[in-house]
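Bear in mind that the values here come from a model prediction, so they are computed numbers and not experimental data. All chains are named by letter (A, B, ...) in the order of the sequence lines, taking the proteins before the strands, and each is independently numbered beginning at 1.
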Amino acid sequence: MKISKSFIPTLKEVPADAVIPSHILMLRSGMVRMLSAGIYSFLPLGYKVIKKISNIINEEMVAIGGQEFLLPALNPREIWEETGRVEAFGDTMFHLKNRDYVLAPTHEEIMTFHAKGTMKSYKDMPQIWYQIQTKFRNEARPRSGIIRGRQFLMKDAYSFDSTWEGLDESYAKHYKAYQNIFDRCGIEYFVVGASSGAMGGSKSEEFMVKSDAGEDTVAHCKSCGYAANVEVAQSVIEPIKRNGESKENFEISTPNIHSIDELCEFLKIDERETAKSRVYIFDKKPILVLMSGNDEVNETKLESILGGEVRPAHPEELVEITGAEAGSIGPIDFKNSIIADNRLKDGNNFYSGANKTDFHIGGIDLKRDVENIEYSDLRTIESGEECTRCGKTLDVFKAIELGHIFKLGTKYSEAMGANFLNENGQANPIIMGSYGIGLDRVLACFIEQNYDDKGIVWKGPLAPFDIQILGLNMKKEIVEITSNEIYELLKNEGYDVLFDDRRDAKPGFKFNDAELIGIPIQVVISEKNIKENIVEIKIRQTGEKVLIEKDKLLEKLKELAK
RNA sequence: CGGAACGUGGCGCAGUCCGGUAGCGUACACGGCUGGGGGCCGUGUGGUCGCGGGUUCAAAUCCCGCCGUUCCGACCA
């Protein structure tokens, strides 16, 4: 491809709206352009990489028996009502204004619809169906370039099995396929146990990339490899020991004290002597959640314990329920159910809110003073805590979710009546799994992991071209002739070559553009060198330069490819 | 959805406080020079100052409303 005839609009300056490296570099290298918040056009260079990613995915999906579909993005809303997911997705789903259609955010329902009509016998299974297609989600706040968009490319696969063992196998095949895909793409990732959330199902794992631009938080143990989304992560926390004789409850005036830190400062006590109260609404009823000190409530854990969605109570509700404002709420005389974190189990001599604004109570003995209290693991874990598996230190950091695999079970097949007959002629719901990869995110994450101060550093199969030729002064006949000659030579050898043949660009301009686009190998042709029958090879990643006789170029390139 | 900032040629920005000729850099076109790290000189093209309303003799500038974009937070199958 000759640059003079290509549309690769590089930018010298950093666009004002871009913040994270992958976004900046994709815009600057002419791979993508934004159309609207969270909606991007792929330009030829960017789309070339996307196609390389999808080829790898296709190969690995076919290798596990996957069959490729292409489903409509435009769906009748009715079918989403069958599984209750119009409500579950809520505002995240796009609805059309002039017809009862929605834009599909995923395709469990549609795949189940097709399975329902055709897979009537256990003999029809297992099946793996997948597609690479555009998904739509009305994200409240798109961010980080293509990492979180309202429209994005997803490979979504679905497995259909007649037995639970079959589901385990299908799941394991996808797990392996995902490892192959991300390994081949050259991405550094790790796998974490995750919450299935509203997708439903029994088990799910996420393929993650460590990144400050991530929106998930994960815990990872370097020592034993334990990794989990903080939504479900656990750590070793001993319950706080009982502290001497329990005192009588006593009330203290604590004017304008709202936080645990302020309370500790005011009373000169340690945060572990306090019990923080949070009121949530579950099933329209209030529930008091009691945490030690500044420990944060993990709402995902709370929801899975209660078996449904919760939301924090509004300030007005707090007053109505407890008689006090936030900051002065506590377990003593709380009228509704109470659930406390394991760390507080049976503890005594705690300070907590008095359910009277600007008052706290001391000498609280949870065993003595609070009836009907339940204990559970409710904490959000923090960096530095101990791993439950090996006792070593856990790291907690941000990560981007590249892929997510779910054992769905029969949630969708039951809801939609997708049944098959087993060996005994009995009707059973099909057992399903679903498996997703964000293609845009694979691209963005690769760049997040492979760039320097000059631009992108491509390597491996995702590189949009193998080699970039720079003809330094194309107005010189010898340079023009030789660089064209080498361009044809390399093309005939099967290399995918980008040839900077622009006549009006100065060498510095070409060098900078080449570093920005980041093709792994540059072949530089200058008047000075070519007069001595020499060309220069430059490795993008290391900056290493090799001068070599023109005739030995192919040989050297083959050597470098090893 | 809560908080904050921004919106001026393709891109990056100044001008707005204190109303009075719409500017700089870059890109682009043409001519010339230059040719190993985004070069130089000259001549040009290109803008409803986000949109609507109001105040005023006069609005990019002041006031009101809306829209868009970004960041922090909430949410995120």
Practice task
Indicate whether A/Phe511 forms a stack on B/rG37; treat it as stacked only if centroid distance is below 5.5 angstrom and interplanar angle below 30 degrees.
Solution key: yes

Exercise for the section: Determine, for A/Arg28 against A/Glu13, whether the closest basic-nitrogen to carboxylate-oxygen distance falls under 4.0 angstrom. Expected result: no

Exercise for the section: Could you tell me whether A/Lys550 and A/Glu485 have a side-chain N and a carboxylate O separated by less than 4.0 Å? Expected result: yes

Problem - Separation of the P atoms in B/rC66 and B/rA4, to the nearest angstrom - result: 15 Å

Practice task
Round to a whole Å and report the spacing from CD1 of A/Ile530 to C1' of B/rG35.
Solution key: 16 Å

Practice task
Determine the contact category for A/Glu231: base if any of its heavy atoms lies under 4.0 Å from a base atom, sugar-phosphate if only primed atoms, P, OP1 or OP2 are that close, otherwise nothing.
Solution key: nothing

Handout entry: Separation of atom NZ in A/Lys12 from atom P in B/rG37, rounded to whole Å
Key = 15 Å

Practice task
Give one of base, sugar-phosphate or nothing for A/Asn529, where a contact means two heavy atoms less than 4.0 Å apart.
Solution key: base

Handout entry: Pair A/Lys454 + A/Asp452, salt bridge at N-O below 4.0 Å
Key = no

Exercise for the section: Scan every strand shown for a Watson-Crick or G-U wobble partner of B/rG68, both distances under 3.5 Å, and answer none if you come up empty. Expected result: B/rC6

Exercise for the section: Look at all strands and tell whether A/Ala505 reaches a base, only sugar-phosphate, or nothing, counting heavy atoms closer than 4.0 Å. Expected result: base

Completion exercise
Pairing partner of B/rA58, by Watson-Crick or G-U wobble and under 3.5 Å for both distances, is none

Practice task
For A/Arg150 and for A/Glu303, find the nucleotide of RNA chain B with the closest heavy atom, then tell me which residue's nucleotide is more 5'.
Solution key: A/Arg150

Handout entry: Nearest-nucleotide pick for A/Lys506, side chain only, options being B/rC76, B/rC1, B/rU34
Key = B/rU34

Practice task
Could you state the atom-to-atom distance from NZ of A/Lys510 to P of B/rG36 in whole Å?
Solution key: 12 Å

Exercise for the section: Ignoring the backbone of A/Lys545, work out which of B/rG37, B/rC1, B/rG38 is nearest its side chain. Expected result: B/rG37

Practice task
Using atom CG of A/Leu470 as one end and atom P of B/rG35 as the other, report the distance to the nearest whole Å.
Solution key: 18 Å

Exercise for the section: Determine the Euclidean distance between corresponding P atoms of B/rC57 and B/rG19; express it in Å to zero decimal places. Expected result: 15 Å

Handout entry: A/Gln468 CD - B/rG36 P separation (whole Å)
Key = 18 Å

Handout entry: Nearest-neighbour nucleotide for the A/Arg143 side chain, B/rG37, B/rC75, B/rU26 considered
Key = B/rC75

Problem - NZ/NE/NH1/NH2 to OD/OE distance under 4.0 Å, A/Glu544 and A/Lys538 - result: no

Could you go over nucleotides 2-4 of chain B and give all protein N or O partners under 3.5 Å, atom names and distances?
none

Practice task
Using whole Å, report how far CD1 of A/Ile147 lies from P of B/rC71.
Solution key: 11 Å

Completion exercise
Each nucleotide of nucleotides 5-14 of chain B classed B (base within 4.0 Å of a protein heavy atom), S (only sugar-phosphate) or -, in 5' to 3' order, makes ------BSS-

Exercise for the section: Please state how far atom CG in A/Asp504 lies from atom P in B/rA29, giving the value in whole angstrom units. Expected result: 8 Å

Exercise for the section: Using a strict cut-off of less than 4.0 Å between a Lys/Arg side-chain nitrogen and an Asp/Glu carboxylate oxygen, indicate whether A/Arg503 and A/Glu480 qualify as a salt bridge. Expected result: yes

Exercise for the section: State whether A/Phe499 and A/Lys2 meet the cation-pi test: NZ (Lys) or CZ (Arg) under 6.0 Å from the six-membered ring centroid, and within 45° of the perpendicular axis. Expected result: no

Fill in the blank from the handout: Ordered by number, residues from residues 515-527 of chain A within less than 4.0 Å of RNA chain B (heavy atoms) are A/Glu515, A/Val524, A/Ser526

Handout entry: Interatomic distance at C1', B/rG23 relative to B/rC75, whole Å
Key = 44 Å

Problem - Sugar-phosphate, base or nothing in reach of A/Met34, heavy atoms under 4.0 Å - result: sugar-phosphate

Handout entry: Touch class at under 4.0 angstrom, heavy-atom based, for A/Lys538 against every strand present
Key = base

Exercise for the section: For residues A/Trp129 and A/Tyr158, establish whether the separation of their ring centroids is below 6.0 Å. Expected result: no

Problem - A/Asn512 CG to B/rG36 C1', straight-line distance once rounded to whole Å - result: 12 Å

Problem - Phosphate OP1/OP2 of B/rG68: any A/Ser36 side-chain N/O under 4.0 Å - result: no

Exercise for the section: Name the nucleic acid region contacted by A/Arg33, choosing base, sugar-phosphate or nothing; use a 4.0 angstrom heavy-atom cut-off, strictly under. Expected result: nothing

Handout entry: Test: A/Asp501 and A/Lys5 ion pair at under 4.0 Å
Key = no

Exercise for the section: Taking only Lys NZ, Arg NE, NH1 and NH2, and the carboxylate oxygens of Asp or Glu, determine whether A/Asp341 and A/Lys276 approach each other closer than 4.0 Å. Expected result: no

Handout entry: Test item: side-chain donor near acceptor, A/Arg150 and A/Tyr40, under 3.5 Å
Key = no

Problem - Short side-chain donor-acceptor distance under 3.5 Å, A/Asp156 and A/Gln131 - result: yes

Practice task
Assign A/Lys475 to base, sugar-phosphate, or nothing according to its heavy-atom contacts below 4.0 angstrom with the strands shown.
Solution key: base

Fill in the blank from the handout: Looking only at heavy atoms, the pair that brings A/Val396 and A/Glu382 closest together is CG2-C, 3.6 Å

Practice task
Validate the cation-pi geometry between A/Lys210 and A/Phe397: distance from NZ or CZ to the six-membered ring centre under 6.0 Å, angle to the ring axis within 45°.
Solution key: yes

